[in-house]
Structures are given as structure tokens and as C-alpha cells.
Amino acid sequence: MSENYEYTIVKKLKLADAIYLMDIKAPRVAANCYPGQFIILIVDEKGERIPLTICDYDRAEGTVTIVFQALGKSTKLLAEYDVGEAVRDFTGPLGQVSELVKMPSEELKKKKVLFVAGGVGAAPVYPQIKWMKENGYEADCIIGARNKELVILEDEIRKYAKNVYITTDDGTYGMKGNVNDAIKYLVNEKKNIYDIIVAIGPMIMMKYVCILTKELEIRTIVSMNPIMVDGTGMCGACRLTVGDEVKFACVDGPEFDGHLVNFDEAMKRLSMYKTVEGRSKLREKEGDTHHHKGCECHNS
Amino acid sequence: MDVLKKVPIKEQNPDVRINNFDEVCLGYNIDEAVLEAGRCIQCKNPRCVKGCPVSIDIPGFINAIVQKDIEESYRIINKYSALPAICGRVCPQETQCEQNCIRGIKGDPVSIGKLERFTADWARENNIKPKAPEKKNGIKVAVIGSGPAGLTCAKEMAERGYDVTVFEALHEPGGVLVYGIPEFRLPKEAVVKPEIENIKALGVKIETNVIVGKSVTIDELMNEEGFEAVFIGTGAGLPKFMGIPGENANGVFSANEYLTRSNLMKAFDNNYDTPIITGKKVAVVGGGNVAMDAARTARRLGAEVMIVYRRSEAELPARVEEVHHAKEEGIKFYLLTNPKEILVDENGWVKGMRCVKMELGDEDNSGRRRPVEIEGSDFTLELDTVIISIGTSPNPLITSTTKGLKSNRHGCIVADEATGVTSRDGIFAGGDAVTGAATVILAMGAGKAAAEAMDNYLRNR
Ligand SMILES: Cc1cc2nc3c(=O)[nH]c(=O)nc-3n(C[C@H](O)[C@H](O)[C@H](O)COP(=O)(O)OP(=O)(O)OC[C@H]3O[C@@H](n4cnc5c(N)ncnc54)[C@H](O)[C@@H]3O)c2cc1C
Ligand SMILES: Cc1cc2nc3c(=O)[nH]c(=O)nc-3n(C[C@H](O)[C@H](O)[C@H](O)COP(=O)(O)OP(=O)(O)OC[C@H]3O[C@@H](n4cnc5c(N)ncnc54)[C@H](O)[C@@H]3O)c2cc1C
Ligand code: SF4
Ligand code: SF4
Ligand code: FES
């Protein structure tokens with residue numbers, strides 16, 4: 001498996017069903033990364049480039065923390081790796097540093113910030129909340145998940161957030177409902193006045209949060225996760241429409257003004273390889289049935 | 001044999017090769033190479049050399065082939081070029097060395113590129129390698145980017161005894177040679193890798209997965225990691241789009257994305273995980289080498305392919321050989337045709353492209369006749385995939401993170417053409433990052449010139 005690869009896994013935790021946390025040795029990334037940025041890793045020789053948000057980092061140890069959901073082929077493969085093994089490639093930090101981190105301190109002090117984390121979105125939200133607290137700012141956080149089991153990083157977030165609100169779709173934990181119900185509750189009933197909302201989660205969640213916060217007139221930052229290849233601005237796979245401009249999420253983002261993002265287009269683009277990946281699954285089950293004959297010729 | 005004609009070269013039959021990614025051109029064997037080499041009349045004042053951006057001693061290496069001393073032939077080329085098996089394959093010889101060849105006045109020029117390729121392939125197959133330098137001076141220099149410019153600069157500096165580290169953003173070294181130019185023109189395992197291994201054998205270290213400007217900055221390399229000079233050869237990798245409606249639809253790709261998936265990530269090979277959308281009917285917009293490569297890749301993935309280009313055949317910027325190969329492979333050319341809109345179905349996928357016919361008007365400032373739309377000539381091409389190949393520009397990552405490094409309005413780093421000297425002391429640059437998208441051999445020439453200037457700079461500080 002991991003022959004001479006240098007990006008060693010030094011810690012692995014299972015946070016929930018099919019959700020894993022790993023600390024991976026990558027000194028150059030650890031030395032220069034900030035909340036808001038991401039990495040790209042390749043599991044093995046034949047692997048694809050997988051973008052994952054930087055969830056935490058330890059500059060002294062030279063490690064970077066990632067949290068991922070084992071969904072498709074590549075992330076499932078990664079989940080099979082254990083402490084002591086290494087992945088083939090690990091590069092970063094990619095993308096822009098979070099807007100909050102870049103904001104002048106005087107300005108940020110005056111802002112009341114609410115984080116909204118949906119599902120694995122708790123992973124990218126966590127380093128931002130931690131950074132806020134460590135730099136003397138306060139923030140609230142809503143964590144939304146389908147059920148109790150899927151609420152991740154709650155203890156870690158509680159350590160740094162001022163108030164934490166949990167919602168689950170099925171009501172098995174916290175408030176029953178989705179994150180928008182919680183936002184409405186905090187704003188309309190508790191009369192909390194937020195200046196900035198940072199919403200990170202599935203695109204569909206970010207879309208609906210933005211529809212709501214537009215009505216509520218609260219500036220909203222989202223972190224987009226389109227399909228990527230290189231992550232350095234070379235391919236344009238990650239392009240999004242933001243306002244009336246085309247942006248490359250990997251270099252211009254991944255954070256954008258959520259009120260300007262064309263989510264419908266982004267969601268369509270995200271589904272682009274669904275059928276192709278379906279073929280990859282088919283291949284595992286039925287052998288090489290899906291591809292053009294040219295490739296058989298090459299492989300033989 | 002007719003001395004006015006090149007010794008013909010074997011190629012894979014078009015009907016066969018559209019079903020594989022193996023190399024199209026099969027190269028000369030030794031007898032054919034000696035025969036072709038014999039056509040060179042060993043000019044006293046060889047004009048061909050003036051056409052070569054790295055001034056290879058062409059009559060010298062060709063004469064060694066005539067003598068059947070191929071090892072000597074390789075040693076001669078290697079004095080000038082680090083990547084002969086690559087240049088022999090992808091150099092636009094017809095506008096460089098071969099264009100100047102005296103034989104070309106009456107008949108075909110000598111097949112200089114194919115002979116260079118022969119020598120380099122022979123050397124590799126016979127395990128002949130460049131010799132590592134005997135003396136090291138221990139001075140650390142950094143090279144950013146591992147395309148032809150960076151690799152050449154690294155080789156030249158290592159041969160002068162410097163301690164060279166190349167930093168590469170991607171997970172494989174080679175730049176466009178690995179992510180852009182397809183396998184069927186430039187085999188990766190068989191040709192590119194060994195030439196890079198030869199450079200490593202000179203003591204050059206290559207650190208992949210380092211994005212300079214993000215993972216580390218140039219200033220950190222110089223101030224904290226002890227690099228005393230830096231060469232920037234980061235290429236021109238930022239793809240341009242047309243800005244027409246429908247361009248973000250599913251099924252619209254930049255040529256860079258399409259080629260990167262197929263070449264670097266090996267999506268054409270089922271054993272690799274990266275997916276690629278093959279498409280049934282593919283239009284490639286553009287007429288350069290990159291467009292031909294994308295078209296021929298799509299063809300091999302099983303699509304019906306057309307090139308859509310707004311000027312006429314004479315203006316196609318691609319090499320004649322590539323256009324010829326593309327036509328042989330059944331790729332259709334829609335010339336004097338310009339896309340206006342990409343038509344999208346209800347699920348967000350491409351279903352067609354509305355185009356307009358063009359005619360050539362007055363000359364523009366590049367000296368080419370400007371294409372102008374013919375009013376009312378709109379028509380629609382039915383297709384499911386569009387690959388956009390209308391050019392690239394340098395990535396702003398380095399210039400935006402290196403204080404005092406000047407760039408022009410196209411995003412190209414400002415550097416002296418002859419020396420690579422930039423606006424920052426100790427920082428040199430060359431290749432596509434300086435010129436915008438150009439050629440492998442020009443990038444190599446720039447890497448070489450910069451190495452010489454860097455060496456002078458370090459010795460005369
Ligand atoms: C900037 C960024 C940050 C991300 N951070 C995280 C994170 O912290 N944790 C986490 O679990 N996931 C994160 N993702 C999503 C993650 O990259 C995908 O889940 C992963 O690529 C899916 O790969 P797969 O082969 O396992 O899944 P499959 O579904 O088999 O993948 C199919 C193809 O679609 C693409 N793809 C599928 N889903 C996504 C997606 N959501 N985003 C981008 N490409 C996708 C992949 O490129 C792949 O080629 C992030 C994505 C981006 C762009
Ligand atoms: C599809 C295609 C076909 C072509 N066909 C031909 C042909 O037939 N003949 C010909 O002569 N030319 C051809 N060209 C052009 C030729 O490949 C380029 O002109 C040449 O590769 C430029 O070399 P370079 O070293 O300047 O840059 P590149 O080859 O682009 O290499 C630059 C390298 O720098 C890396 N990099 C970029 N930014 C950073 C950073 N911040 N940190 C670290 N690394 C970084 C990149 O990842 C890349 O590996 C073709 C180009 C393409 C795209
Ligand atoms: S490097 Fe290119 S230009 Fe120079 S001799 Fe070889 S083929 Fe000709
Ligand atoms: S110009 Fe042609 S004939 Fe003369 S030396 Fe060069 S290759 Fe030989
Ligand atoms: S991922 Fe290739 S440009 Fe963003």
C-alpha cells in the first residue's frame with residue numbers, strides 16, 4: 001500500500017457513521033495554512049485528486065487535520081487507511097484565507113458572527129470558530145445534522161463558541177428541524193442581531209440559508225465545494241457564477257458572498273460526474289463493461 | 001533513393017490508432033536514420049543551427065549518426081539539450097531548424113527532429129546517460145515549476161555544480177509535457193519520465209506538491225531556506241473562456257481540464273479513478289496545438305469530433321503535422337466559424353452550439369486578416385460536449401505573493417529575454433511565464449539562458 005510516501009497518518013478517529021478525522025504529516029502545509037483554506041490529497045498511485053477543507057493544524061508537529069465523509073470510491077478508500085500508513089500526495093494550502101481571518105481587527109470586533117454548520121460542514125467551521133476565540137472574538141454556532149449520531153465535533157466547537165445550538169431533522173437531539181429553523185428562532189424570537197453569518201454545509205443547505213438571510217438582510221459567507229481537478233487555477237472545472245462574474249473556486253474562493261452565488265448552476269455542475277462515477281461502481285461489480293473499446297486495446 | 005525526399009517514417013495506421021493511446025509516429029530504425037542522416041551535406045556554415053533556439057550542433061550530431069556512433073551523437077546533443085527525445089517529438093521543426101535547412105530549398109529539408117528523436121531513443125534504450133558533475137559548489141538554487149524551462153535551468157545549474165531543488169505544484173514533474181501533451185504524441189512512462197530521471201541523476205532534487213506562493217513563498221525560500229537564487233518557470237496555465245452564454249453548462253470543459261484528466265490523471269485508462277466525460281459529439285473551439293490534442297484525445301475516447309475555428313486553414317496556429325494527423329483521424333474542420341452561444345437542455349447539459357460564419361477582413365495588428373461575422377449566417381451544431389481551447393495566460397499566484405516582482409498587463413512576468421533577469425535581485429524567469437504560451441524549445445532556451453545569467457550573478461556577487 002503506502003510504499004515510500006511521506007504524508008503519514010498520525011491519528012485517525014471515527015466521528016460518526018462513515019465520517020472520519022485524520023491528522024496527516026505535511027509540514028509545508030501546516031506551516032502556512034489558515035482557516036478557510038483546503039488541501040488536495042491523492043490516496044494511491046491510481047487515485048484522483050480529492051479536495052478537503054483544513055479542519056485544524058499543528059504548526060509545531062507539522063500536521064494537518066482533515067475530516068471527511070466516506071461517500072464515493074476515493075473517500076472510501078481513504079477511510080481504509082490506518083495510523084502509520086501514508087497517502088501518495090498531499091498539497092496545499094489552497095484557496096483564500098477566510099474573510100474573517102483577513103478582516104481588520106477593529107472591524108471584526110464590532111461584528112456579531114453566527115456560524116452555521118451542516119453535516120460535515122462542522123469540519124470547516126471548527127477552525128474558524130477556534131481562530132475567533134484564540135484571537136479574542138466571540139461567535140455563536142448552529143450545528144445541524146440529520147440525526148444525533150451525525151452531529152460531529154460538538155465538544156470541540158463548544159470549547160470555542162459562545163453559544164451552540166443543535167438541530168436535527170428527526171429531533172433525536174437538540175431542536176427538531178433544520179438550520180434555517182434555528183436561524184429564524186435566534187433572529188426573530190431571541191432578537192439576536194447578527195452582522196455576518198458563515199454557512200458551510202451541503203450546497204442545498206447553503207442555498208436555503210442564503211434565501212433566508214437575504215430576506216433577513218444578513219451578510220452571508222458560504223464555502224463552495226465544486227468539482228476540482230488541480231486546485232491551482234489551471235483547469236476551470238471549479239468555475240462558478242458569482243454575481244455576474246465567473247470565478248474559480250479554488251483560487252478566488254472557496255468562500256464567497258452567498259447572496260451572489262448561483263447555487264442552481266453550481267448544484268447542476270456538482271452532479272456532472274454522478275453518472276460517470278456510477279460507471280466506476282458498475283466496473284467494480286461487473287468488470288470492464290462501460291468504456292470505449294479503445295481502452296481495452298490499450299490495457300491489453 | 002531520391003535525395004530530395006525525406007526517408008519516410010512509419011506511423012500507426014489512422015484506423016487503428018483512433019482506438020488506442022499509443023504513439024502515432026513510430027520513429028526511424030538505425031538503417032533509416034543513417035540513410036536520412038546521409039542527406040545532410042554538412043554545411044560549413046549551417047543555417048539550421050540558427051533556427052534552433054538552443055543552438056544544437058546539428059551537423060555534428062547528424063554526422064555521428066552517419067558514422068553509426070550514436071553514443072557520440074547523444075553526447076553532442078546533450079551538451080545543448082536536456083530533453084532531446086521530447087524536442088525531437090514536439091518541436092515545431094518545420095518553422096525552426098528544418099525551415100532553415102539548405103536541403104529545403106530544392107526538396108525536403110533533412111528530418112532533423114526525427115533524427116534527434118532517434119538518437120535520444122537509442123541512448124535511452126541502450127542506457128546511455130548524461131554524466132553527473134564531478135565538483136559540487138554547495139550553493140543552493142531553487143527552480144519553480146518543472147516544465148521544460150525549469151528542467152533545463154535545473155540541468156544547466158546542476159552541471160555547473162550547484163545544489164538545485166525544483167519545486168512543482170502538481171504531483172508529477174514535467175509541466176505541460178505530462179499534463180497537456182497527450183500520450184499518443186509524447187509517451188509519459190517511456191519518454192518523459194526517463195528524461196526527467198536523467199536530470200535527477202545529475203543531483204537535481206524535485207519536490208512535488210509545493211505550490212510556491214501558497215505552501216511557501218519565494219522570500220521564505222531565499223531568506224529562511226538558504227536558496228541564493230531562484231528561477232521561475234511556472235508556465236502559462238490559466239485557461240481562457242469565451243464569455244458566451246451557456247459556457248458553464250455541464251459538458252463544457254477547458255482543454256486544460258480535459259487534457260489534465262486524460263494525461264496527468266490517466267482517465268483514459270480504466271485502472272485509474274479520475275473520471276472523464278467522453279461525449280458522443282464533441283466540438284473543440286480553437287485551432288492551436290492544444291485544440292488538436294484535445295480533439296484527438298476525444299476521438300480516441302470514442303467521440304465524433306469537430307474543430308471550430310474562426311479563421312481559415314492558413315491561419316491555423318497548430319503544427320501542420322498535427323492538423324494532418326487530425327484530419328487522417330476523421331476530425332471535421334469547421335473553419336471561419338465562430339461560436340455565439342452554447343445551447344443547454346433542461347438538466348443543464350450541453351445540447352448544441354449556435355455559430356456564425358466568418359470571412360476574413362483587413363489585417364489586424366498581428367498581421368493576420370481579422371475575421372468578421374457574416375450577418376445572418378447563424379447555424380446550430382448539435383453536440384453534447386464542448387472543449388474550449390482559445391489560449392491560456394500565466395497564473396497570478398507568484399506575482400501576487402512576491403513583492404517587487406513586476407508583471408505586465410497580460411500577467412506575464414517582466415524579464416530580460418536574453419538573461420531572464422527580473423525586477424528582483426537574484427530572481428530569474430523564463431518560458432511561458434514570461435512570454436505567454438509558446439513552445440517547449442523556446443522555454444528550454446529561456447531556461448538555459450537564465451542559468452548562464454544566474455551563474456554569472458552568483459559568481460560576481
Ligand atoms: C474546497 C472543497 C473542500 C471540501 N472539503 C471537504 C471536507 O472537509 N470533507 C468532506 O467530506 N468533503 C469535502 N469536500 C468534498 C470532497 O472533495 C468530495 O466528497 C470527494 O471528492 C468525493 O470523492 P469520492 O470519489 O469519494 O466520491 P464520488 O461521489 O465517487 O466522486 C465522484 C466525482 O465527483 C467529484 N465530487 C463528488 N462530490 C464532490 C463534492 N462534494 N465536491 C467536489 N467534488 C465532488 C469528485 O471529483 C469525483 O471525481 C470538499 C470539496 C471541495 C471542493
Ligand atoms: C496541450 C498542449 C500541447 C502543446 N503542444 C506543443 C508542441 O507540440 N510543441 C511545442 O513546442 N509546444 C507545445 N505546447 C506548448 C509547450 O508545452 C509550452 O510552451 C511549454 O511547456 C512551456 O514550458 P514552461 O516550462 O514555461 O511551462 P510549463 O510546461 O507550463 O510548466 C510550468 C510548471 O510550473 C508549475 N507551476 C506553476 N505555478 C507554480 C507554483 N506557484 N509553484 C510551483 N510550481 C508551479 C506547473 O504546475 C507546471 O508543471 C503545447 C502546450 C499544450 C498545453
Ligand atoms: S531542439 Fe528543436 S529546433 Fe533544435 S534541432 Fe532539435 S528539433 Fe530542431
Ligand atoms: S542546413 Fe541542413 S544540410 Fe546543412 S548542416 Fe543543417 S541539416 Fe545539414
Ligand atoms: S480546480 Fe482547476 S481551476 Fe480550480
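Note on naming: letters A, B, ... go to the chains in the order of the sequence lines (proteins, then strands), and numbering restarts at 1 for each one.
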Colleague: Shorter than 4.5 Å, heavy atoms on both sides: which option in B:Asn209, B:Asn395, B:Leu170 has the most such pairs with chain A?
Modeller: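 Going by pairs under 4.5 Å, I would pick B:Asn209.
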
Colleague: Which pair of heavy atoms, one from B:Ile211 and one from A:Thr91, lies closest together, and at what distance?
Modeller: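 B:Ile211 and A:Thr91 have their closest heavy atoms at CD1-OG1, 3.3 Å.
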
Colleague: Return the OG1 to CZ distance between B:Thr208 and A:Arg88, rounded to the nearest 0.5 Å.
Modeller: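 Interatomic distance, B:Thr208 OG1 to A:Arg88 CZ, rounded to 0.5 Å: 7.5 Å.
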
Colleague: Determine whether A:Glu48 and B:Tyr272 make a side-chain contact, defined as any pair of heavy atoms from C-beta on separated by less than 4.5 Å.
Modeller: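 SC-SC contact between A:Glu48 and B:Tyr272 ruled out.
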
Colleague: So for A:Ile227, is it side chain, backbone, both, or neither that comes closer than 4.5 Å to the heavy atoms of chain B?
Modeller: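 The side chain, not the backbone.
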
Colleague: Does A:Ser271 form a side-chain contact (heavy atoms from CB on, under 4.5 Å) with B:Asn250? I'd like the steps, not just the answer.
Modeller: CA-CA 9 Å; A:Ser271 72; B:Asn250 289 3; 4.0 Å; yes

Colleague: Enumerate by number any residue of residues 254-263 of chain B whose heavy atoms lie under 4.5 Å from heavy atoms of chain A; in the absence of such residues, state 'none'.
Modeller: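 Under the 4.5 Å heavy-atom cut-off, B:Ser254, B:Asn256, B:Glu257, B:Thr260, B:Arg261 qualify.
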
Colleague: Can you tell me if OH on A:Tyr208 sees more than 12 non-hydrogen neighbours from other groups inside 6.0 Å?
Modeller: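 No, the 6.0 Å shell around OH holds no more than 12 heavy atoms from other groups.
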
Colleague: Side chain, backbone, both or neither: which part of A:Val229 has an atom under 4.5 Å from a heavy atom of chain B?
Modeller: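 Interface part for A:Val229: side chain.
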
Colleague: Inspect the surroundings of CG in B:Asn223 and state if more than 12 heavy atoms from other residues, nucleotides or ligands are less than 6.0 Å away.
Modeller: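 Check passes, neighbour count above 12.
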
Colleague: Looking only at heavy atoms and a cut-off of under 4.5 Å, which of B:Glu220, B:Lys214, B:Lys266, B:Met265 has the most pairs with chain A?
Modeller: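 The candidate making the most pairs under 4.5 Å is B:Lys214.
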
Colleague: At a 4.5 Å cut-off on heavy atoms, which part of A:Ile40 comes close to chain B: side chain, backbone, both, or neither?
Modeller: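 For A:Ile40, neither part sits under 4.5 Å from chain B.
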
Colleague: Looking at B:Asn248, is its backbone amide N or carbonyl O close enough to the side chain of A:Arg269 to form a donor-acceptor pair, meaning the two atoms are under 3.5 Å apart?
Modeller: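 Such a contact is found between A:Arg269 side chain and B:Asn248 backbone.
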
Colleague: With a 4.5 Å limit on heavy-atom distance, are the side chains of B:Val252 and A:Arg239 in contact?
Modeller: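 Yes; the side chains approach each other to less than 4.5 Å.
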
Colleague: More than 12 foreign heavy atoms under 6.0 Å from NZ of A:Lys102: is that the case here?
Modeller: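 It does: A:Lys102 NZ has more than 12 such atoms within range.
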
Colleague: Measure distances from A:Tyr7 to the heavy atoms of chain B and classify the residue's part below 4.5 Å as side chain, backbone, both or neither.
Modeller: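 For A:Tyr7, the side chain is the part near chain B, not the backbone.
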
Colleague: Only heavy atoms, only distances under 4.5 angstrom. Which residues in residues 233-243 of chain B are near chain A?
Modeller: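 Expected list: B:Gly237, B:Leu238, B:Pro239, B:Phe241.
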
Colleague: B:Asp273 pairs by side-chain hydrogen bond (donor to acceptor under 3.5 Å, both in side chains) with which of A:Arg49, A:Lys46, A:Lys73?
Modeller: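 Only one option passes, and that is A:Lys73.
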
Colleague: About how many Å separate NE2 of B:His171 and CG of A:Asp230, when rounded to the nearest 0.5 Å?
Modeller: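 Answer rounded to 0.5 Å: 10.5 Å.
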
Colleague: Can you find a heavy atom in the side chain of A:Val246 that is under 4.5 Å from one in the side chain of B:Glu247?
Modeller: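 Counting from C-beta outward, A:Val246 and B:Glu247 never come under 4.5 Å.
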
Colleague: For chain B, which of A:Lys268, A:Glu265, A:Arg28 has the most heavy-atom pairs under 4.5 Å?
Modeller: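 Of the options given, most contacts go to A:Arg28.
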
